[in-house]
Amino acid sequence: MARKRLTQIFPFLLPLRVWQKNLFFRITCYFDKNIYAKKVGDLLPYECSSTKTLMINDHSGYDILYQKNKVDNLKLVSKTLNKILIYPGETFSFCLLIQRVKKYGKYKDGLVLIDGKIVAKKGGGICQISNLLYYLFLMSPLTIIERHGHQVKSLPNNESDALEGVDATIHSGWLDLKVRNDTKDIYQIAIDFDSDYMYGCLLTNKLPHIDYEIINSNLKYFSKNDKIYESVSVVRVTRDIKTHEIVKSENLYDEVVQVTYKLPNNIVIEKR
């Protein structure tokens with residue numbers, strides 16, 4: 001049996017622990033010699049990558065109010081990220097930028113996974129925007145230096161989010177999404193919304209000559225120790241934009257995550 005954390009035994013200490021971790025995070029960023037992206041500017045002319053994601057998940061099984069609150073949280077966070085420029089040599093830090101969010105408003109209660117349970121918490125659901133950005137970064141020359149996948153998958157994907165293993169969970173002070181611009185070009189994040197979808201785009205100041213595609217391979221489900229797991233390979237295919245010829249195909253990583261929701265009856269589950 002796993003030992004309980006001090007904040008689980010004494011929950012009243014949690015706000016102090018969060019404050020401490022965020023303070024240490026800011027101090028670390030100040031002294032780690034990275035130059036962090038923080039400037040905004042007019043939209044750059046060329047598109048490097050783009051995607052969209054359906055914001056309301058009708059299959060969550062929980063009160064739809066939390067889904068609507070999540071949408072408000074996503075729009076709030078986007079105000080700190082939209083039009084951010086990532087210059088050559090700069091590092092983008094998701095958690096560092098969203099610490100500005102308080103000047104735009106307050107988070108609402110959304111769903112979040114804590115200690116294996118789905119609960120309502122202020123700011124719940126903002127991982128959907130870090131997922132979106134991570135996917136954009138995968139389809140670019142930017143160098144991903146920190147990313148954390150969810151250890152437990154508690155809800156099925158929206159129909160618009162077909163790919164597996166391309167999520168990026170964040171927890172301010174603990175888990176971050178960071179990318180570094182090791183190129184000579186400038187990149188910029190652009191985020192927009194309509195009534196149903198959140199749209200993301202990674203822009204650049206120079207016309208791209210290569211295109212990226214992220215695909216899955218070897219998607220499998222297996223059971224082990226009375227738990228169900230999903231295993232998948234995340235592959236990036238690089239093509240020449242003019243000729244459409246494949247320049248490179250690389251297996252970026254293999255992802256294994258526990259699945260706690262009921263899988264469709266047609267899914268084959270191996271025993272291990």
Side-chain angles (χ1 to χ4, degrees), residues 2 4-5 7-8 11-12 14-15 17-18 21-22 51-81 94-95 97-99 101-102 104-135 147-177 191 193-200 221 227-230 232 255-264 267:
K4 287 188 175 182
R5 299 188 299 272
T7 52
Q8 291 177 302
F12 65 89
L14 185 57
R17 179 59 172 161
V18 171
K21 290 290 289 186
N22 279 313
T51 189
K52 68 177 182 179
T53 178
L54 189 65
M55 292 184 290
I56 298 292
N57 188 338
D58 293 324
H59 306 294
S60 72
Y62 293 84
D63 192 329
I64 197 67
L65 174 64
Y66 295 125
Q67 292 290 314
K68 294 178 179 179
N69 286 350
K70 178 189 70 175
V71 173
D72 290 337
N73 290 337
L74 293 173
K75 291 180 178 179
L76 184 62
V77 169
S78 73
K79 293 179 180 180
T80 72
L81 303 173
F94 187 96
C95 288
L97 286 170
I98 67 169
Q99 291 192 356
V101 77
K102 290 182 180 179
Y104 295 107
K106 293 182 178 180
Y107 286 127
K108 294 182 178 179
D109 284 341
L111 299 177
V112 63
L113 186 69
I114 298 179
D115 296 328
K117 297 180 181 179
I118 295 180
V119 297
K121 184 180 178 183
K122 298 293 183 185
I126 65 171
C127 282
Q128 189 166 354
I129 202 166
S130 57
N131 293 347
L132 176 139
L133 291 179
Y134 177 58
Y135 180 64
R147 171 261 175 180
H148 306 270
H150 290 81
Q151 295 182 341
V152 177
K153 187 176 177 182
S154 54
L155 298 173
N157 285 354
N158 277 319
E159 292 181 2
S160 63
D161 302 323
L163 285 172
E164 306 290 351
V166 293
D167 59 313
T169 183
I170 57 95
H171 187 179
S172 186
W174 279 268
L175 308 175
D176 198 3
L177 172 63
I191 302 170
F193 301 85
D194 64 17
S195 57
D196 299 313
Y197 288 91
M198 175 171 59
Y199 298 85
Y221 294 89
K227 295 179 180 179
I228 305 297
Y229 295 88
E230 175 188 275
V232 68
E255 190 93 336
V256 177
V257 60
Q258 183 187 350
V259 176
T260 58
Y261 64 90
K262 182 176 175 56
L263 292 170
I267 295 293

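Note that the structure is a prediction, hence the values are computed from the model and not measured.
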Q. With Tyr135, which residues qualify under ring-ring contact (aromatic ring centres under 6.0 Å, His included), at least two apart?
A. none

(Q) Using the ring-ring contact (aromatic ring centres under 6.0 Å, His included) criterion, which residues pair with His150? Sequence neighbours excluded. (A) none

Please name the pair of heavy atoms, one in [X] and one in [Y], separated by the smallest distance, quoted to 0.1 Å.
{"X": "Leu133", "Y": "Leu177", "answer": "CB-CD2, 4.2 Å"}
{"X": "Thr169", "Y": "Cys127", "answer": "OG1-SG, 3.6 Å"}
{"X": "Ala168", "Y": "Ser130", "answer": "O-OG, 2.5 Å"}
{"X": "Phe94", "Y": "Val77", "answer": "CZ-CG1, 4.1 Å"}
{"X": "Asp176", "Y": "His148", "answer": "O-CD2, 3.5 Å"}
{"X": "Met55", "Y": "Phe193", "answer": "SD-CD2, 3.6 Å"}

Any chance you could measure [X], atom [atom1], to [Y], atom [atom2], to the nearest 0.5 Å?
{"X": "Leu81", "Y": "Ile129", "atom1": "CG", "atom2": "CD1", "result": "5.5 Å"}
{"X": "Ile64", "Y": "Asn69", "atom1": "CD1", "atom2": "CG", "result": "10.5 Å"}
{"X": "Thr53", "Y": "Tyr199", "atom1": "OG1", "atom2": "OH", "result": "10.5 Å"}
{"X": "Asp109", "Y": "Lys121", "atom1": "CG", "atom2": "NZ", "result": "10.5 Å"}
{"X": "Lys75", "Y": "Lys70", "atom1": "NZ", "atom2": "NZ", "result": "12.0 Å"}
{"X": "Leu54", "Y": "Asp196", "atom1": "CG", "atom2": "CG", "result": "6.5 Å"}

Hey, does [Y] have a side-chain heavy atom less than 4.5 Å from the side chain of [X]?
{"X": "Ile191", "Y": "Lys79", "value": "no"}
{"X": "Ile228", "Y": "Leu263", "value": "yes"}
{"X": "Ile126", "Y": "Ile98", "value": "yes"}

Judged by atom type as modelled, is there a donor-acceptor pair below 3.5 Å linking the side chain of [X] to the main-chain atoms of [Y]?
{"X": "Asn73", "Y": "Gly124", "answer": "yes"}
{"X": "Asp63", "Y": "Tyr66", "answer": "no"}
{"X": "Thr51", "Y": "Gly200", "answer": "no"}

**Q.** Mutual orientation of the aromatic rings belonging to Trp174 and His171 [parallel < 30°, tilted 30-60°, perpendicular > 60°]
**A.**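 Ring orientation of Trp174 relative to His171: parallel.
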
Q: Check the surroundings of atom NZ in Lys108: do more than 12 heavy atoms from other residues, nucleotides or ligands lie under 6.0 Å from it?
A: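 For Lys108, atom NZ is not crowded (no more than 12 foreign heavy atoms under 6.0 Å).
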
Q: Could you walk me through whether Val166 and Asn131 pass side-chain contact (heavy atoms from CB on, under 4.5 Å), step by step?
A: CA-CA 7 Å; Val166 293; Asn131 293 347; over 6 Å; no

Q.
Could you walk me through whether Tyr221 and Glu230 satisfy the side chain to side chain donor-acceptor pair (under 3.5 Å) test, starting with their C-alpha distance in whole Å, then the side-chain angles of each, then the deciding distance to 0.1 Å, before giving a yes or no?
A. CA-CA 5 Å; Tyr221 294 89; Glu230 175 188 275; 2.9 Å; yes

